[in-house]
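Here the structure is laid out as structure tokens; the discussion comes afterwards.
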Amino acid sequence: MMRRMVLVMGMLCFCAGPARAQSAPPTACPINYTCSYQSSSTQALVGGSTDGQPQSRVGFLNFDAAGNWSGVLSGSLNGTVAANKPVSGTSVSGSDTTLGQLNFKAGLGGNPASLAFVTTPNGTHTDLLLAGSMLSSDTRVILAVCHGN
């Protein structure tokens, strides 16, 4: 009886291994995915007039199967409130050596932007973790998470 249990357990482990290897890489674009978005950032302390300015955003994003996304964000950009602003853009999958990229046609402040992302499956749902700076000349670092279905 014990041998059978060991054999069955071994077969289960062997069969489960390849299934994990075939799952989407953590840099693949979300497909048919909706998530609640939250982010915060602060301007770096570099001796400028915008040093330390805080920004926070909340909302939701919807991803289709073609690499496009749209949503609604609200936030406070250094005390200036932006409420229920439509946002949209594209997402580009990464690889084993590069992060995925979430491109904003226009962020909450009206400027085009890009954030790096990875996905983290959590059993019942997948979270999209984002980080980066909204512009190449921007000293802010934005950390965001999008909890999804």
**Request:** Applying side-chain contact (heavy atoms from CB on, under 4.5 Å), name anything that partners T120, two or more places apart in sequence or on another chain.
**Result:** D127, L129
**Prompt:** In chain order, what residues pass the side-chain contact (heavy atoms from CB on, under 4.5 Å) check against T98, with sequence neighbours excluded?
**Reply:** S95
If you round to the nearest 0.5 Å, how far is [atom2] of [Y] from [atom1] of [X]?
X	Y	atom1	atom2	value
S39	L73	OG	CG	7.5 Å
C35	L128	SG	CG	5.5 Å
D64	N32	CG	CG	7.0 Å

**In one Ile/Leu/Val/Met/Phe/Trp/Tyr side-chain cluster, 4.5 Å: L102, Y33** = yes
**Prompt:** L99, L130: one ILVMFWY side-chain cluster at the under-4.5 Å cut-off?
**Reply:** no
**Request:** Share the residues that join F60 in a hydrophobic cluster, the rule being Ile, Leu, Val, Met, Phe, Trp or Tyr side chains under 4.5 Å apart at the heavy-atom level.
**Result:** V72
**Item:** V81 backbone acceptor or donor facing S76 side chain under 3.5 Å
**Value:** no
**Asked** What's the shortest heavy-atom distance between N78 and Q55, and which atoms?
**Response** N-CG, 4.1 Å
For a 4.5 angstrom cut-off between non-hydrogen side-chain atoms, does [X] reach [Y]?
X	Y	answer
Q101	L115	no
C29	F63	no
L61	C146	yes
P30	F117	yes

**Message:** Can you confirm whether the side chains of N62 and S70 place a donor and an acceptor under 3.5 Å from each other?
**Reply:** no
**Prompt:** S114 and N103: side-chain donor and acceptor closer than 3.5 Å?
**Reply:** yes
**Asked** Given the side-chain rings of W69 and Y37, with only the six-membered ring counted for Trp, is the space between their centroids under 6.0 Å?
**Response** no
